[in-house]
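Here's the structure, in structure tokens; my notes come after.
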Amino acid sequence: MADYHKMWESLGMDLDLHDQLCEVLPQAFGDVYLSQENRPEGMDYFNFVVSEIHGVRPAELIEHQKKGGKVFGTFCVYVPDEIVFAADAIATGLCGGSQFWVPGGEKVLPKNTCPLIKASVGARLDRTCPFFRIADMYVGETTCDGKKKAWEILAEDVPVHVMDLPQMKRAKDIKAWAEEIEDFKNVVEQFTGNEITVEKLAASIRLINDKRKALARLYDLRKNEKLPISGKDALLVSQIAFYDDPVRFTNMTNELCDELDKRVKDGVSVFPEGTKRIMLTGTPLSIPNWKLHNLVETSGGVVVCEEMCTGTRYFENLVDETKNTMEEQIMALSERYMHINCACFTPNTGRIDDILRLAKEYQVDGIIDVNLKFCGLYDTEGYHVEKAMKEAGIPVLGIETDYTDSDAQQLRTRISAFIEMLNN
Ligand code: BJ8
């Protein structure tokens, strides 16, 4: 990585602590990613993004701020990026996926909070992530209890706007979410000083839809019997989608897909025939959380799909582009976002339907239901997930894990045994 110490210093970061993080990441990335064989050349761009993760994109965001633009940090796939980009601002995902940040979060949060929340709060309070330093405003949501309380702590340090997400999906809830989006639009307009017009919102809806289409194209390619890309690589693209420039990201993902199309035509597969096809479902895998994909793909399986927010929940369903009044556009946004099936909703039968549908589409042999430790929502919903999969005759393995490596050996044993069972 180029030397960005001056930039990090100007962001008020803890340089010594941050240097420690910069030392471990390349090693982890090399072990998990660069050791793979026959990777598509189109992954070079995504490798570069990771190698410069705290450099190139943060520098672009700072450039944008120098020109008077604002940056909004988000933590959930329900927050509509379209509104932010329509005000000539930039939205960037902030969920923390590294154990490095967890102890910092534990200084202010109960230990039995999920690692995603602890890492996100730790990254901010320990001053070891440039994205958290750069964002002018954080946008929270009322999804789970841990997050709701975390916003109050973060708000002591940075402006936070919280969107009140309904937790049922009746017509009145979709209307209520549209009202929240309208409020968010007003906040963004006021904060940026830029008006969001119908034309600007329409362009922004197209921008984010294009990103969704590129990701859908990538995932479609994973439905092939001969797999042109590993699950690890696809996960990396999904993770980068949250913070890269949307136009560049879409172009690079489409370029990668062009190469993968050719691989499919030529019958190229990165895994031998008969490798067991695994779908992961559950809590998100924020960058740099590659633990489970690495375990599956070094234990005789391959991950072909993620029914996760770092996966299908992020890109499935497009926003209707045909609306031409602000009211209709906002309702179209609400309808699209309320199609996401997060365990914070009750009931959440749509997620079970999604898992069953995806299992067929991606021809999966088995499902791993993943729960981040202390996420009560997904843990409890695991009951329905596992029951429905058993009824459908789809083998399922439920696991709970965190960001540490302390359970890696035990997980490897369980995952290997699961894959072995699928082979028999
Ligand atoms: S839409 S999954 S991004 S809320 S894992 S912090 S739920 S205790 S991340 Fe999520 Fe939005 Fe839902 Fe997706 Fe809480 Fe659970 Fe932690 Fe979670």
Side-chain angles (χ1 to χ4, degrees), residues 73-81 91-99 101-102 105-106 109-124 138-154 160 162-169 173 177 180 184 212 215 235 238-239 241-243 280-287 289 291-292 306-317 333-334 336-348 350-352 354-355 369-382 385 398-403:
T74 63
F75 300 84
C76 178
V77 298
Y78 280 98
V79 173
D81 284 354
T92 185
L94 289 181
C95 287
S98 168
Q99 176 62 22
W101 292 311
V102 168
E106 286 180 341
L109 294 166
K111 282 211 166 45
N112 61 354
T113 304
C114 97
L116 192 151
I117 300 174
K118 288 190 288 198
S120 301
V121 170
R124 171 72 201 190
Y138 292 176
V139 188
E141 13 56 49
T142 53
T143 44
C144 68
D145 289 352
K147 279 184 170 185
K148 280 189 273 198
K149 292 292 115 182
W151 310 142
E152 295 169 17
I153 295 173
L154 289 170
V160 177
V162 180
M163 297 185 75
D164 188 6
L165 182 71
Q167 308 207 326
M168 294 177 80
K169 289 187 179 173
D173 298 309
W177 187 235
E180 273 303 296
F184 181 47
R212 292 189 183 110
L215 282 164
L235 172 69
S238 273
Q239 290 173 330
F242 283 79
Y243 63 92
L280 299 191
T281 178
T283 46
L285 302 172
S286 306
I287 202 164
N289 184 3
K291 179 170 155 179
L292 289 171
E306 299 81 18
E307 190 283 315
M308 295 177 151
C309 291
T310 41
T312 56
R313 279 182 231 140
Y314 185 63
F315 65 79
E316 282 202 326
N317 303 306
L333 284 168
S334 177
R336 185 269 155 191
Y337 280 91
M338 288 291 269
H339 264 116
I340 303 169
N341 295 312
C342 173
C344 64
F345 280 80
T346 185
N348 192 32
R351 180 166 165 237
I352 307 290
D354 284 346
I355 300 171
D369 181 23
V370 182
N371 191 56
L372 270 179
K373 232 179 202 164
F374 306 122
C375 176
L377 289 169
Y378 280 85
D379 196 7
T380 310
E381 197 160 281
V385 172
I399 59 170
E400 184 165 75
T401 185
D402 55 19
Y403 291 167

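Indexing begins at 1, ligand by ligand and atom by atom, following the structure's order. Values below: all heavy atoms of this structure, side chains included; hydrogens, waters and symmetry mates excluded. When a residue number appears, it is its place in the shown sequence, counting from 1.
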Give the residue and atom name of whichever protein heavy atom lies nearest to [atom], and the separation in Å to one decimal.
atom	result
atom 14 (Fe) of ligand 1	C144 SG, 2.3 Å
atom 17 (Fe) of ligand 1	K147 CE, 4.5 Å
atom 5 (S) of ligand 1	T283 CG2, 3.6 Å
atom 9 (S) of ligand 1	P284 CG, 3.6 Å
atom 15 (Fe) of ligand 1	C375 SG, 2.3 Å
atom 1 (S) of ligand 1	Y78 CE1, 3.4 Å

Using a strict cut-off of 4.0 Å, indicate which atoms of ligand 1 neighbour a heavy atom of [X].
X	value
T143	4 (S)
Y378	2 (S), 12 (Fe)
C114	5 (S), 6 (S), 8 (S), 16 (Fe)
I117	6 (S)
C76	1 (S), 3 (S), 4 (S), 11 (Fe)
C342	1 (S), 2 (S), 4 (S), 12 (Fe)
C309	1 (S), 2 (S), 3 (S), 13 (Fe)

C344 near atom 11 (Fe) of ligand 1 via N/O/S, less than 2.8 Å =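 Checking atom 11 (Fe) of ligand 1 against C344, no N, O or S atom falls under 2.8 Å.
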
message = With the threshold set at under 4.0 angstrom, would you say I340 reaches ligand 1 through any of its heavy atoms?
response = no

inquiry  = Could you check whether any side-chain heavy atom of T283 comes within less than 4.5 Å of a side-chain heavy atom of C114, counting everything from C-beta outward?
reply    =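 They are not in contact (no side-chain heavy atoms under 4.5 Å apart), so the answer is no.
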
Any side-chain heavy-atom pair of Y403 and K118 under 4.5 Å = no

query = Hey, is NZ on K149 packed in by over 12 heavy atoms from elsewhere, all under 6.0 Å?
reply =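 No, because the 6.0 Å sphere around NZ of K149 holds 12 heavy atoms or fewer from other groups.
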
message = With rounding to the nearest 0.5 angstrom, report the CE to CE distance, M168 to M338.
response = 10.5 Å

message = Could you measure the distance from the CZ atom of F242 to the CG atom of D81? Nearest 0.5 Å is fine.
response =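 Output value for this atom pair is 9.0 Å.
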
Side-chain donor/acceptor of [X] to backbone N/O of [Y], under 3.5 Å:
X	Y	value
E307	R313	no
Y378	A343	yes
K147	F75	yes
E180	L165	no

inquiry  = Below 4.0 Å, non-hydrogen atoms only: which portion of E141 touches ligand 1? Side chain, backbone, both or neither.
reply    =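 Answer for E141: neither.
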
ask   = Got a salt bridge between D354 and R351, using NZ or NE/NH1/NH2 to carboxylate O under 4.0 Å?
value =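 Between R351 and D354 there is no salt bridge, as every charged N stays at least 4.0 Å from the carboxylate O atoms.
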
